[in-house]
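Below: the structure, in structure tokens.
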Amino acid sequence: MSAKIIDGKKIAEQTRGKLKAEAEAFVKKYKRQPGLAVVLVGEDPASKVYVGNKVAGCEQVGIKSFAHYLAVDVTQVKLIELIDKLNRDKAVDGILVQLPLPKHIDERTVLARLDPKKDVDCFSVSNAGALLLGEPCLAACTPAGCIELIKSTGVSMSGLNAVVIGRSNIVGKPMAMLLLQENCTVTICHSRTKDLAKVTKQADILVAAIGKKEFVTGDMVKSGAIVIDVGINRHEGKLYGDVNFGEVSKVAGYITPVPGGVGPMTITMLLANTLKAARA
Ligand code: NAD
């Protein structure tokens, strides 16, 4: 069997077209652009690329971006002062703090300071809690993008076995919550899971968010499964997913490539959340 490729780039472009129209309608109604503030601390090359892509995405759909680049040795107090300022700023509808932050800054303290109404990547306790309770909220961008990619297959998720590998607060846990909302039977696996392949082989939907190059091999996947590869692993100047694409694409029914799968959807969901926050 040869899997159908889920083209994240194409789906992201189509979604951004719709968001552009929504942003235009917003400007007409409120006489201002929706605004997203992006905060980057330090010079991490990958983070710089992500922030650059977010700013470019804003431009593409007509969202005003406010990029704040802070020195790697900025104090936690100064960073929190900036967050407070952005929380008060009426031109800013969404705030994204690019992670990871340098070690001398306590990530949880900083993220807790975000106004939940502007927390467009679902980093705050209040948004994460709302997601858990199934209440309206700004859902985490990467998992929300994965759900859109699964929906694009046309396969009904209700009742399917979904397995998420990874339990991070940014991907694994919110991913599991969103799959549960779609009425999947959800299993979360992680580094202590025993006999991982036995669990993953049961998955009709398999989401890999591990951070290990080509970790998921063909023998771990059920025939015909939908495989969503969240991983971004850099190796000798090339990008690799968490899934061994060559092997798994022979077994799965649908698969996302890396690059060109989940990545473009993550930023698109950030733009969608910013518009949602602006309209709230
Ligand atoms: P993380 O390091 O916080 O979490 C990794 C998870 O993998 C952990 O929960 C751990 O228990 C699990 N894990 C590690 N080794 C394992 C093993 N041997 N067996 C089973 N589980 C194992 O990472 P994260 O922030 O969740 O990101 C995961 C990957 O997704 C990374 O490659 C990251 O770069 C990528 N990512 C991509 C996007 C995107 O937009 N495409 C967004 C966020 C993260």
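Atoms within a ligand are numbered from 1 in the order they appear, just like the ligands themselves. These numbers were taken from a predicted model, which means no experiment stands behind them.
Of the possible donor and acceptor atoms, one in the side chain of Lys118 sits under 3.5 Å from a partner among the backbone N and O of Asn87. Put simply, the side chain of Asp242 never gets that close to the backbone of Asp229: no donor and acceptor are under 3.5 Å apart.
With a 6.0 Å radius and a threshold of 12 heavy atoms from other residues, nucleotides or ligands, Lys117 has its NZ atom at or below the threshold.
Near ligand 1, Thr142, Ile165, Gly166, Arg167, Ser168, Val171, His190, Ser191, Leu196, Ala209, Ile210, Gly211, Lys212, Phe215, Val230, Gly231, Ile232, Asn233, Val262, Gly263, Thr266 each place a heavy atom less than 4.0 angstrom from the ligand.
Using a 4.0 Å cut-off between a side-chain N of Lys or Arg and a carboxylate O of Asp or Glu, Glu13 and Lys10 do not qualify as a salt bridge.
Under the 4.5 Å side-chain heavy-atom criterion for ILVMFWY residues, a single connected hydrophobic cluster contains both Leu131 and Leu180.
Donor-acceptor pairing under 3.5 Å is lacking for the side chains of Asn273 and Asp121.
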